[in-house]
Amino acid sequence: MEALAVRETPEMPDNVEITDITAMARTDAAFDGHERVVRAVDPAAGLHAIVAIHDRTLGPAIGGCRMWPYESEDEALTDALRLSRGMTYKSALGNVPFGGGKAAILGDPRTGKSEALFRAFGRAVEALGGRYITGEDVGVSVDDMNRAAEETRHILGTGARGGDPSPWTARGVLAGIEAAVKHRLGRDSLAGTTVAVQGAGSVGYKLCGRLAGRGAKLAVSDISPDAAKRAAASFGAVTVAPEAIYDVEADVFAPCALGAAIDDDTVGRLRCAVVAGSANNQLREARHGEALRARNVLYAPDYAINAGGMIALTLHLHPDGFSPERARSRTAAIGGTLAEIFERADREGTSPGAIADRIGRERLADPARGSW
Ligand code: NAD
């Protein structure tokens, strides 16, 4: 394993000012006992970022770096707190010895990027001494991470370390859909199963390919007509207008676009037996998980089913080095984790989301989980 030792008194970089704002973050509704929250600022480089470290019980805090035109620092802080907490649970459910963290850079990814900015961000990550390991997220590319990697060792998703995680995410989602279809519909094969995929981007398109390879029948929507047409041309999918995807009669609805696909309106419109896809934060509110259960729709908790990319990237830090075989078996294991969640939810008469949270907490309480 590469050196990820924590330096207790990390040297501050010359030109990035790092301020501990943990005390300030405590007043934010999304604060959940976070270990440490910092602001990293380098005016000359145009950097203004928040890094939130939620929990390191199982290992260094891992989580991507998001760049977004936040309206205020408070908004970025709330996002970083919420997302870093989610990463703690994603790592625990994914069975990797890491904790949860996240970085939010304030800025417009279309106009605000520069080499100086990402190098300054890399110096900020380095100054945290290995407590936090970064990677790409919304608004940030592999090229951006390559620039940050000039300044920090604590980084994944660079060209040399994993690159684009979406192929692995799609693999994990496929394993999750197979587990859900077996549990809810009693089928061992996806042949003939109908899947409505919302969003044919990096993950959605690759998922469509894997589903088609298993003989599933696809309906696809995307706000980019070209993206939907590409999936139709490649995999024989039927294209559907974005708003109409919720009304498609299908065995599975796979949200692979943005968050909050399941809300008060859509939950009543769905005509599927399973909701299982890659998007983060699929439920607008936690209560929508109960609403799905009340309608006998099986929901695969998002942070459990979409962990494949994160799992594969962390394997670049495995003591024996990255191996595609291990990445394949670890992402396939997402199916087993979901089967356990579904069975326990049935036994305990509650929603899969509640059980996923419970399993996450149990794993955090078991120190043996903190190693490969
Ligand atoms: P992406 O930006 O490549 O693709 C998203 C697609 O959704 C785009 O084609 C976009 O046009 C489309 N879209 C947006 N709003 C839509 C709507 N209302 N209806 C239909 N289509 C819409 O993103 P991605 O990397 O494929 O990620 C998809 C989702 O999965 C995101 O929620 C992301 O956070 C999550 N996720 C991705 C990964 C990964 O490895 N990329 C890992 C975990 C979670």
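Note that ligands are numbered from 1 as they come in the structure, with each ligand's atoms numbered from 1 the same way. Sequence positions, counted from 1, serve as the residue numbers for this chain. Just the heavy atoms: all of them, side chains too, but no hydrogens, waters or symmetry mates, feed the values below.
Here atom 15 (N) of ligand 1 lies nearest to I223 when heavy atoms of I223, I305, L313 are compared. With atom 11 (O) of ligand 1 as the reference point, the heavy atom nearest to it among D222, D226, L258, N281 is part of D222.
The shortest separation from a heavy atom of S202 to ligand 1 is under 4.0 Å, placing the residue in contact. The closest approach between a heavy atom of P165 and any atom of ligand 1 is below 4.0 Å.
The contact set between ligand 1 and A279, taken as ligand atoms under 4.0 Å from a residue heavy atom, comprises 29 (C), 30 (O), 32 (O), 35 (C).
Between E17 and R39, none of the side-chain N atoms (NZ, or NE/NH1/NH2) sits under 4.0 Å from a carboxylate O, so this pair counts as no salt bridge. Electrostatic pairing of R363 and D366 does not count as a salt bridge here, judged by no charged N lying under 4.0 Å from a carboxylate O.
Ligand 1 has no nitrogen or oxygen under 3.5 angstrom from a nitrogen or oxygen of R66. Checked by distance only, ligand 1 and K90 stay at 3.5 Å or farther apart across all their nitrogen or oxygen atoms. Considering both main-chain and side-chain atoms, A257 comes within under 3.5 Å of ligand 1 through a nitrogen or oxygen pair.
The shortest contact between atom 28 (C) of ligand 1 and any protein heavy atom is with C256 O, 3.2 Å. The nearest heavy-atom contact from the protein to atom 34 (O) of ligand 1 is N280 ND2, 3.0 Å. N306 O, 3.5 Å is the protein heavy atom nearest to atom 43 (C) of ligand 1. Protein heavy atom at the shortest distance from atom 26 (O) of ligand 1 is V203 N, 2.8 Å. Atom 40 (O) of ligand 1 has its closest protein heavy atom at T169 OG1, 2.7 Å. Of all protein heavy atoms, the one lying nearest to atom 36 (N) of ligand 1 is S278 O, 3.6 Å. Closest protein heavy atom to atom 4 (O) of ligand 1: G201 CA, 3.3 Å.
For atom 2 (O) of ligand 1, the nearest protein heavy atom lies 4.0 Å or farther away.
In this structure, R131 contributes its side chain and I53 its backbone to no donor-acceptor pair below 3.5 Å. Looking only at distances, no side-chain donor or acceptor of T158 sits under 3.5 Å from a matching main-chain atom of A149.
Under the side-chain contact (heavy atoms from CB on, under 4.5 Å) rule, L211 has a single partner from T193, V252, L190, which is L190.
For the pair D247 and R271, the tightest heavy-atom approach, listed with the atom from each and the gap, is O-NH1, 2.9 Å.
With sequence neighbours left out, D144 forms a side-chain hydrogen bond (donor to acceptor under 3.5 Å, both in side chains) with K113, S141. In this view, F253 and Y246 satisfy the ring pair (Phe, Tyr, Trp, His ring centres under 6.0 Å) rule, not counting sequence neighbours.
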Verify side chain to side chain donor-acceptor pair (under 3.5 Å) between H34 and S84, making sure each step is shown before the conclusion. CA-CA 9 Å; H34 282 70; S84 55; 2.9 Å; yes
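Cation-pi geometry between R230 and Y205 is met: the NZ or CZ atom falls under 6.0 Å from the ring centre, inside 45° of the normal.
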